[in-house]
Peer 1: 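A single structure is presented below for examination.
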Amino acid sequence: MVNITFPDGNVRQYEEGVSGLDIAKSLSNSLAKKVLSVKVNNEVWDANRTIMTDATVQLLTWRDTEGKTTFWHSSAHLLAEALQALYPGVKFTIGPAIDNGFYYDIDLGEGRTIRTEDFPKIEKKMLELARQKNTFDRSDISKADALAHYEQLGNEYKTELISGLEDGDITFYKQGGFTDLCKGPHIPHTGLVKAVKLTNVAGAYWRGDEKRNQLTRVYGISFPKASELEEYNRLVEEAKKRDHRKLGAQLKLFAFSEKVGAGLPLWLPKGTKLRQILQDFLMEEQRKQGYEMVMTPHIGKQDLYITSGHFAKYGEDSFQPIQTPKKGEVYLLKPMNCPHHCEIFKTSLWSYRELPKRLAEFGTVYRYEQSGELNGLLRVRGFTQDDAHIFCMPDQLLEEFKKVIDLVMLVFTRLGFGEFTAQISLRDQEDRSKYIGSDENWEKAEQAIIQAAEDKGLKTVIEYGEAAFYGPKLDFMVKDALNRSWQLGTIQVDYNLPERFELEYVGADNQKHRPVMIHRAPFGSMERFISVLIENTAGNFPLWLAPDQAVVLPISEKFIPYANEINERLKQHNYRSTVDIRNEKIGRKIRDASVQKVPYQLVVGEKEVTNQEVAVRRHGEGDRGSVAVDALLEMMAAEM
RNA sequence: GCCGGUGUAGCUCAGUUGGCCAGAGCAGCUGAUUUGUAAUCAGCGGGUCGGCGGUUCGAAUCCGUCCACCGGCUCCA
């Protein structure tokens with residue numbers, strides 16, 4: 001007998017060799033039908049794998065993230081089985097579960113492709129195979145046999161994978177007519193997969209290396225119930241409506257023009273308003289915290305970026321040098337503001353008493369992003385950073401860094417980004433050739449960030465290889481409508497640029513010392529921040545950010561003078577308000593104001609003129625009834 | 001940059017296997033209507049069918065190439 005401990009602390013005895021599925025059956029038959037996999041001593045196992053010792057056991061179903069992962073991973077095998085049937089000779093590589101579904105990377109061989117038109121027949125095949133209720137059978141296999149198996153199939157990808165595995169640690173899984181190198185676990189049988197949707201097909205490099213073969217990646221998602229697929233489809237439709245590219249056009253915030261160039265956004269009046277409000281908000285906070293605004297030009301001599309190291313690192317892949325009429329004179333579009341700010345620091349000799357020096361600029365920079373990377377306002381070639389560089393003494397670093405964390409948190413809280421990931425981006429552990437500066441400085445910088453994040457009680461994840469070439473970063477990641485993660489705020493510690501620019505201050509000892517730099521941008525870039533803001537709010541901005549806060553809607557021409565009066569009152573109180581004087585019915589004016597997502601829609605007609613009131617309609621809510629203008633002003637003030 | 005897809009009026013889209021002057025709705029303009037909580041009615045104007053080159057008696061439709069956009073991959077100072 002073995003003692004099985006459940007998550008609630010209960011302990012029950014079972015025969016040795018009991019499986020998760022057996023345990024589920026002993027509890028309830030309906031539960032047994034839902035079990036996807038089982039967590040045994042904190043390791044996820046097949047539900048039918050035998051348990052030989054005392055263990056803590058948690059049965060995993062569709063409700064558990066790990067249960068979903070098992071389900072989707074098994075679905076990837078099902079996809080592979082279908083592809084094997086439909087595309088003979090296809091070579092399989094890897095097919096993992098992801099956050100929202102699964103994919104399989106395959107090599108179809110020369111000249112063959114999969115298109116979205118092919119999806120229905122693949123989905124049909126998958127469901128057909130699923131209905132066979134095939135079990136996933138696990139088998140241990142020796143390294144030699146595993147290699148022989150795939151050599152015979154001519155699958156160099158699998159043999160490469162196997163070469164990296166330990167003998168005795170290799171397992172195959174077989175369901176129906178498909179066998180795959182796989183460590184598992186899998187769901188009890190394919191019949192649990194009731195609904196399948198292939199979502200897209202894309203190229204993906206083998207092992208993520210662009211120098212190696214490009215494989216075909218087929219993405220999909222699957223569900224244990226058809227109704228869940230419908231729900232998923234509905235959510236995808238909803239997400240499309242939040243897309244900042246669509247809303248940006250609809251709300252007349254920004255635009256792109258082929259004639260101006262790819263990735264070069266044009267800010268329309270309303271988008272500019274929104275952006276200015278955000279800038280004003282941050283500038284005010286920064287003023288309170290001792291930042292000083294500076295301004296620098298959009299270009300600088302090539303030499304500036306040779307000093308900073310940017311030219312050596314990115315010169316080839318950037319906008320190319322700008323020539324002048326003078327021979328040999330070369331300028332570059334600025335890719336970063338920091339070199340300019342270093343030169344500002346060098347305009348005087350600073351006393352330690354004057355540090356930290358916090359220089360801030362909404363600086364527009366230009367980077368030649370790869371064409372395939374451009375994406376609405378999320379990834380552009382000309383963008384404005386809410387940049388600042390803090391020059392401080394080494395013993396001020398930690399305190400300053402923590403202050404910046406507070407500022408980023410203030411920004412995120414005020415803008416409603418409750419969900420974010422704080423990521424500590426460190427050097428690549430193997431390849432250090434990508435970075436400038438000494439190991440010693442990197443160590444100090446990385447430790448400072450880890451310490452500051454810990455002191456602030458931030459929950460962080462560490463990502464190696466994500467650092468900037470001159471220093472490590474603390475990045476704040478937020479997701480867009482399509483669940484993709486983007487870096488917004490960033491704080492970086494830099495010992496290297498002060499050295500390269502030979503920055504100095506005079507210490508209490510009357511000696512010259514080298515300051516440390518903090519690069520920081522709470523928004524990151526105005527463009528990206530605003531795109532994520534649009535998607536998070538679905539364009540329903542809080543009142544203080546809305547480009548148009550109110551629109552007065554006269555019932556007919558007769559009431560335009562009164563509407564103008566109301567509009568003037570609002571303007572006197574610094575609200576952004578307009579009057580819709582078009583010769584249209586009130587229903588139409590309300591509709592158009594709603595499409596533009598104007599928060600306060602103020603209807604005025606005979607009754608309102610008589611009572612000296614306005615009929616308030618709050619977008620997203622509806623009719624609030626008529627109130628006096630003073631009451632309206634109070635209502636709006638309370639919302640600011 | 002790579003893989004796959006898309007590109008018709010300001011916007012959303014129709015346009016059969018290549019075949020008369022390329023269509024609709026919305027938006028715009030003009031006029032009528034003077035309106036009470038998500039689209040009033042009528043008339044009018046508007047398109048080098050993404051660009052360039054080719055095949056053909058004939059190309060929005062077929063081929064090539066470039067550009068832009070979409071989803072991934074790689075990259076992201």
Side-chain angles (χ1 to χ4, degrees), chain A residues 103 105 108 113-118 199-219 240 243 245-246 249-250 255-263 305 308-315 317-318 334-339 365-376 378-379 381 385 425 434-436 466-471 473 475 482 484 486-487 490 492 494 497 519 525 528 553-560 582-595 601-608 615-617 619 622-626:
Chain A
Y103 66 79
D105 280 353
L108 285 158
T113 52
I114 288 182
R115 300 147 181 264
T116 43
E117 295 97 278
D118 304 323
T199 48
N200 60 68
V201 57
Y205 301 105
W206 170 233
R207 302 213 135 173
D209 184 345
E210 65 179 325
K211 291 180 190 67
R212 306 195 67 176
N213 268 358
Q214 188 156 38
L215 307 165
T216 301
R217 175 172 296 179
V218 181
Y219 284 90
K240 276 187 198 155
D243 191 316
R245 291 164 296 202
K246 196 178 164 79
Q250 186 187 319
F256 288 92
S257 150
E258 270 194 44
K259 205 151 189 165
V260 173
Y305 305 103
S308 71
H310 289 97
F311 185 72
K313 181 83 181 166
Y314 296 104
D317 304 317
S318 287
K334 83 170 161 185
M336 278 205 92
N337 303 300
C338 35
V365 297
Y366 301 89
R367 300 176 183 175
Y368 192 79
E369 304 291 358
Q370 295 182 19
S371 58
E373 267 308 328
L374 300 175
N375 189 309
L378 284 161
R379 195 78 182 270
R381 286 177 172 160
Q385 298 176 313
S425 302
K434 303 187 271 190
Y435 308 102
I436 59 168
E466 294 293 315
F469 73 93
Y470 50 76
K473 312 188 282 176
D475 293 328
L482 296 180
R484 297 176 295 201
W486 297 91
Q487 177 205 301
T490 181
Q492 315 175 357
D494 184 1
L497 288 189
H519 307 240
S525 90
R528 181 175 292 177
L553 312 175
I555 295 282
S556 79
E557 220 169 349
K558 283 184 289 198
F559 311 108
I560 290 179
R582 291 177 306 164
N583 188 358
E584 294 288 353
K585 292 179 142 179
I586 194 65
R588 177 51 178 271
K589 292 182 180 180
I590 286 172
R591 182 189 147 76
D592 289 347
S594 301
V595 167
Q601 302 162 13
L602 308 168
V603 178
V604 293
E606 189 71 52
K607 275 185 292 185
E608 287 72 23
V616 179
R617 189 187 166 91
H619 177 61
D623 197 348
R624 275 187 187 169
S626 290

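Every chain is numbered from 1, with letters handed out A, B, ... down the list of sequences.
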Peer 1: Pick the P atom in B/G47 and in B/U8, then give their distance to the nearest Å.
Peer 2: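 About 16 Å, rounded to a whole number of Å.
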Peer 1: Report yes or no: does A/K313 contribute a side-chain atom to a donor-acceptor pair with the main-chain N or O of A/K434 at less than 3.5 Å?
Peer 2: yes
Peer 1: Roughly, in whole Å, what's the span from CD in A/E466 to C1' in B/C76?
Peer 2: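 Going from CD in A/E466 over to C1' in B/C76 covers 9 Å.
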Peer 1: Could you tell me the separation between the CD1 atom of A/I555 and the C1' atom of B/U34, rounded to a whole number of Å?
Peer 2: 11 Å
Peer 1: B/G72 C1' sits how many Å from A/W206 CH2, rounded?
Peer 2: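 Distance, rounded to whole Å: 18 Å.
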Peer 1: For A/K313, answer base if it contacts any base atom (sugar-phosphate contacts may also be present), sugar-phosphate if it contacts only those atoms, and nothing otherwise; contact means non-hydrogen atoms under 4.0 Å.
Peer 2: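 Result for A/K313 = nothing.
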Peer 1: Students often mix this up, so state it plainly: with edges at 30° and 60°, are the rings of A/Y314 and A/F469 parallel, tilted or perpendicular?
Peer 2: perpendicular
Peer 1: In whole Å, what separates the P atom of B/G7 from that of B/C63?
Peer 2: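 13 Å, rounded to whole Å.
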Peer 1: Counting C-beta onward and ignoring hydrogens, is there a side-chain heavy-atom pair between A/P554 and A/V604 closer than 4.5 Å?
Peer 2: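 Result yes, sub-4.5 Å side-chain heavy-atom pair found.
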Peer 1: For A/Y366, does the six-membered ring have the charged nitrogen or CZ of A/R381 within the cation-pi criterion, i.e. under 6.0 angstrom from the centroid and within 45° of the normal?
Peer 2: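 The answer is no; the distance or angle limit is not met.
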Peer 1: Given 3.5 Å as the limit, does a donor-acceptor pair link the side chain of A/R217 with the main chain of A/A202, or not?
Peer 2: no
Peer 1: Requiring both pairing distances under 3.5 angstrom, list the stems that contain RNA chain B and are made of three or more consecutive Watson-Crick or G-U pairs.
Peer 2: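 So the stems come out as B:1-7 with B:67-73, B:10-13 with B:23-26, B:28-32 with B:40-44, B:50-54 with B:62-66.
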Peer 1: With sugar-phosphate meaning primed atoms plus P, OP1 and OP2, does A/Y103 contact a base, only sugar-phosphate, or nothing at under 4.0 Å between heavy atoms?
Peer 2: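 The residue A/Y103 makes no contact with any strand.
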Peer 1: What interatomic distance, in whole Å, is found between P of B/C44 and the corresponding atom of B/C21?
Peer 2: 22 Å
Peer 1: What nitrogen or oxygen pairs link the protein and nucleotides 3-5 of chain B at under 3.5 Å?
Peer 2:
from	atom 1	to	atom 2	distance (Å)
B/C3	O4'	A/Q214	OE1	2.8
B/C3	O2	A/G203	N	3.0
B/G5	OP1	A/R115	NH1	2.8

Peer 1: Distance check, C1' atoms only: B/A68 and B/G28, in whole angstrom units.
Peer 2: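 Between the two C1' atoms, the distance is 26 Å.
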Peer 1: What nucleic acid atoms does A/N200 come within less than 4.0 Å of, heavy atoms only: base, sugar-phosphate, or nothing?
Peer 2: sugar-phosphate
Peer 1: So what does A/Q487 touch, heavy atoms closer than 4.0 Å: a base, only the sugar-phosphate, or nothing?
Peer 2: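 Result for A/Q487 = nothing.
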Peer 1: Using the P atom as the point on both nucleotides, what is the distance between B/U34 and B/G19, in whole Å?
Peer 2: 50 Å
Peer 1: Would you indicate what A/G587 reaches in the nucleic acid, counting non-hydrogen atoms under 4.0 angstrom: base, sugar-phosphate, or nothing?
Peer 2: sugar-phosphate
Peer 1: In this structure, how many angstroms lie between the C1' atom of B/C66 and the NZ atom of A/K259, rounded?
Peer 2: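 Atom NZ in A/K259 sits about 17 Å away from atom C1' in B/C66.
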Peer 1: Let me spell it out: for each of A/E606 and A/Q385, pick the nucleotide of RNA chain B with the closest heavy atom. Which residue's pick is nearer the 5' end?
Peer 2: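 It is A/E606, whose closest nucleotide lies nearer the 5' terminus.
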Peer 1: How many whole angstroms separate atom CG of A/L378 from atom P of B/C69?
Peer 2: 13 Å
Peer 1: Determine the Euclidean distance between corresponding P atoms of B/G46 and B/U6; express it in Å to zero decimal places.
Peer 2: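 It comes out at 32 Å once rounded to the nearest Å.
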Peer 1: Could you work out the separation of B/G5 and B/C62 based on their P atoms and round it to a whole Å?
Peer 2: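 Rounded to whole Å, the distance is 14 Å.
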Peer 1: What is the separation between atom CG on A/D317 and atom P on B/C76, rounded to the nearest whole Å?
Peer 2: 10 Å
Peer 1: Please list, chain by chain and in numerical order, all residues satisfying side-chain contact (heavy atoms from CB on, under 4.5 Å) with A/R588, sequence neighbours excluded.
Peer 2: A/E584, A/D592
Peer 1: Rounding to a whole Å, what distance do you find between A/Q370:CD and B/C76:C1'?
Peer 2: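 Rounding to the nearest Å, CD of A/Q370 and C1' of B/C76 are 9 Å apart.
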Peer 1: Just call it for A/K607: base, sugar-phosphate, or nothing, with non-hydrogen atoms closer than 4.0 Å on any strand.
Peer 2: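 The residue A/K607 makes base contact.
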Peer 1: Mind checking the C1' distance from B/C75 to B/G58? Whole angstroms is fine.
Peer 2: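 Result for the C1' pair: 47 Å, nearest Å.
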